[in-house]
Every structure is written in structure tokens, then in C-alpha cells.
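Notes follow the structure.
Numbered from 1 within each chain, the chains take letters A, B, ... in sequence-line order.
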2 protein chains.
Amino acid sequence: MHEPTRQRTGIPGAMSDSAVAERLRRAGLRPTRQRIALAKLLFDRGDRHITAEELHEEAIIARVPVSLATIYNTLHQFTDAGLLRELSVSGAKTYFDTNTSNHYHYVFEADGRVEDIPASEVRVLGLPEPPAGTRVLRVDVVVRLADD
Amino acid sequence: MHEPTRQRTGIPGAMSDSAVAERLRRAGLRPTRQRIALAKLLFDRGDRHITAEELHEEAIIARVPVSLATIYNTLHQFTDAGLLRELSVSGAKTYFDTNTSNHYHYVFEADGRVEDIPASEVRVLGLPEPPAGTRVLRVDVVVRLADD
DNA sequence: ATTTGTGCAAATCGTTTGCATCTGA
DNA sequence: TCAGATGCAAACGATTTGCACAAAT
């Protein structure tokens with residue numbers, strides 16, 4: 001139960017409020033209390049896939065009272081600002097991915113969990129030209145897994 | 001009334017009721033009026049991607065009064081029976097694909113439309129072994145397109 | 001006769017919106 | 001100050017569910 005983790009601050013996270021504020025500002029977002037708090041929850045822990053509901057709970061636990069509406073607003077603003085990526089991967093809920101770089105996902109059908117496909121050299125070959133008048137925004141690859 | 005055309009055309013469809021009934025029976029489904037009617041709407045026209053709402057409208061137009069609840073039930077039963085494939089591809093609505101073979105999709109972000117990637121030699125290379133205790137159900141590839 | 005399917009309306013779930021109230025630059 | 005954020009509750013759209021009724025074997 002205890003990792004050799006010296007300090008939970010060796011993790012990517014542990015940005016100071018002002019560093020987070022600066023990051024938000026650079027993204028064109030006014031650094032409000034809620035946005036700073038949510039940004040820290042989102043980005044202080046490396047790559048994660050999180051739903052609005054989950055983030056809301058974390059916020060409450062972290063004693064950052066935010067309404068669900070604000071969570072949704074914030075997630076979408078962060079997405080528009082390029083800080084997050086939206087994953088539409090399983091039917092119902094929407095996941096937000098703190099890793100906006102090019103990568104692919106596992107989806108565990110058993111519980112709907114989403115995870116990155118690790119260290120992969122995954123490549124998609126043989127894609128035809130996109131239809132006239134359109135351009136490729138991105139290519140999503142989802143590997144659906146069932147319990148063995 | 002009259003039977004203007006026995007087989008509407010060379011289109012895949014035009015299965016007789018009894019042929020459809022047989023197909024349902026083979027899939028382990030009791031061939032009821034509604035299921036037969038819906039199966040014909042779904043499968044008489046080659047590959048399609050359709051939502052519950054859309055199928056409901058088609059059914060009404062085809063003078064097959066079915067409730068939306070039954071549409072949902074039927075789509076899921078067909079999916080469980082392997083007659084359809086569920087596509088969770090864009091946030092809100094769920095698409096059902098009458099083509100259950102291995103193929104990939106375009107999603108037009110502009111309107112959420114889904115289409116098959118045509119005649120493709122698409123291959124996904126470099127996937128790692130699935131995590132212990134799991135097996136790959138399938139690999140989905142979605143190419144998201146925006147208007148140019 | 002028994003089992004299974006169907007229709008309806010109400011219920012649920014995730015998400016969005018309208019609006020009055022705050023807050024940060 | 002004052003545009004922009006936030007909270008709340010009501011609104012929403014897609015899907016599901018509970019239960020009385022109807023149809024298939």
C-alpha cells in the first residue's frame with residue numbers, strides 16, 4: 001500500500017496555484033478559483049480519463065464546492081482551449097482525456113473503464129483519401145476488451 | 001392489394017416475410033409482426049447506420065405502428081443475436097449498423113452522420129497484447145471528418 | 001395455457017440552459 | 001466597473017422500466 005514514492009509531489013502535478021493560473025491565462029481562460037481548483041485536480045496526476053460526474057465528486061472531496069453545471073462548462077472550455085480531449089467511446093457518458101497527444105484507447109466493456117493503450121507503435125494503414133470537401137480531424141482507435 | 005412488384009429490384013432486400021421469420025427463428029428470436037416488419041426495414045436495403053428514432057419514423061411511414069420502446073427492445077435483441085452491431089461513436093445517440101462484418105467508419109462532425117470507410121484495406125498494426133485476463137472483442141477505427 | 005412480446009406513460013440518466021447573483025481584472 | 005463566471009433548478013433528449021394487455025407457440 002505504500003509505494004517508494006517519496007512524495008506525491010514527484011508526480012507531474014503539484015503545480016502551484018499561480019503556475020496553473022498562468023497556464024489557464026495562456027489558454028485564454030480567466031483563472032477563477034473553480035477553474036484553478038479543477039485544473040489542479042485534472043492535471044496534477046498525470047494522464048487520466050474522467051467523467052464530469054467523477055470530477056464533481058473529486059471536487060467535493062477536495063472541498064472545492066462546484067456545481068455540476070460549472071464542471072460541464074469548465075470541461076468544455078478546457079476542451080475548446082486544447083487542454084483536454086473529449087472521448088466519445090462508450091454509449092452513455094463522455095470521458096475527458098487529459099492527454100491531448102496522439103494515442104489510442106482500451107475500453108473495458110465490463111465496466112466501461114477507459115485506458116490508454118500503452119507504449120504502442122500502433123499505426124493505422126490503408127486509409128483512403130477523405131471524401132471531397134472534408135478533412136480528417138483525427139483518427140480514433142478503440143480496442144474493446146471483455147473479461148477472458 | 002395488387003402486388004405491383006414482387007421483388008422491388010435487384011436490391012439485397014425484398015425478403016419474404018417467411019424468409020425473415022426464418023432468419024429470426026434461426027437467431028433465436030420469436031418472429032413477431034413487429035420484429036418481422038423491423039427486420040425488413042433494416043435489412044432490405046443493404047448496409048445502413050440507423051438510430052432508434054430514425055427506425056421509428058420509418059416504421060410509422062411504412063404503416064407499421066411500433067412504439068419507441070419496442071424499437072429499442074428490438075434493436076438490442078437484434079444486437080444480442082448478432083444481427084446488428086452497436087456503434088458508440090458520437091456523443092449523444094447510438095447508431096446500429098446492419099453490417100456486422102469487420103469494417104470501419106467515418107463520422108462527420110458537422111452533422112454526426114456515420115458512413116462506412118469504403119473499399120478499404122485499412123489495417124491496424126502494432127497493437128500490444130491485451131491486458132492479462134482480457135480478450136479483444138473488436139477494434140474500432142473512427143475517422144472524424146470536418147468540413148474543409 | 002404458458003410464455004414471450006408489446007404499448008404506454010412515467011422514470012432515469014447524462015447533459016444543457018436560463019437567469020439571478022457573484023467575482024476577478 | 002462590468003464582462004465574464006458561477007450556482008441552482010428547471011428543461012431536455014435519449015434511453016429504460018413497470019405493468020397491464022396481446023400474441024405466439
Margin query: Can you confirm if the aromatic rings of A/H56 and A/Y72 lie within a centre distance of less than 6.0 Å?
Written below: no

Rounded to whole angstrom units, what separation is found between the [atom1] atom of [X] and the [atom2] atom of [N]?
| X | N | atom1 | atom2 | answer |
| --- | --- | --- | --- | --- |
| B/H56 | C/dC8 | NE2 | P | 9 Å |
| B/N73 | C/dG7 | CG | C1' | 10 Å |
| A/L24 | D/dG4 | CG | C1' | 15 Å |
| B/L87 | D/dA14 | CG | C1' | 17 Å |
| A/Q77 | C/dT16 | CD | C1' | 13 Å |
| B/L55 | D/dT15 | CG | P | 12 Å |
| A/E86 | C/dT16 | CD | C1' | 13 Å |
| A/L68 | D/dG7 | CG | P | 11 Å |

Looking at [X], does any N or O in its side chain come under 4.0 Å of the phosphate oxygens OP1/OP2 on [N]?
| X | N | answer |
| --- | --- | --- |
| A/S67 | D/dG7 | yes |
| A/R35 | D/dA5 | yes |
| B/T94 | D/dT15 | yes |
| B/Q34 | D/dA22 | no |
| B/R33 | D/dA24 | yes |
| B/Y72 | D/dT16 | no |
| A/H76 | C/dT16 | yes |

Next item on the list: Looking at every strand, decide which applies to A/T51 at a 4.0 Å heavy-atom threshold: base, sugar-phosphate, or nothing.
Entry: nothing

Could you work out which one of [options] sits closest to the side chain of [X]?
| X | options | answer |
| --- | --- | --- |
| A/R30 | C/dT3, C/dT6, D/dA5 | D/dA5 |
| A/E53 | C/dG14, D/dA5, C/dT6 | C/dG14 |
| B/T70 | D/dA24, C/dG7, C/dA25 | C/dG7 |
| B/R25 | D/dT25, D/dA24, C/dT16 | D/dT25 |
| A/K93 | C/dG14, D/dT25, D/dA5 | C/dG14 |
| B/T32 | D/dT6, C/dT16, C/dT6 | C/dT6 |

Check: So, the side chain of B/T74 versus the backbone of B/R35: is there a donor-acceptor pair under 3.5 Å, distance only?
Finding: no

Checklist line | Over all atoms of both residues, closest heavy-atom pair of B/Y104 and B/V139 | finding: CE2-O, 3.3 Å

Margin query: Check this for me: does any side-chain nitrogen of one of B/R45 and B/E58 sit under 4.0 Å from a carboxylate oxygen of the other?
Written below: yes

Next item on the list: Select from A/I71 and B/A69 the residue whose nearest nucleotide in DNA chain D is closer to the 5' end of that strand.
Entry: A/I71

Notebook entry, point to check: B/H103 and B/D47: side-chain donor and acceptor closer than 3.5 Å?
Noted result: no

Check: Do A/H105 and A/D140 have side-chain atoms, one donor and one acceptor, less than 3.5 Å apart?
Finding: no

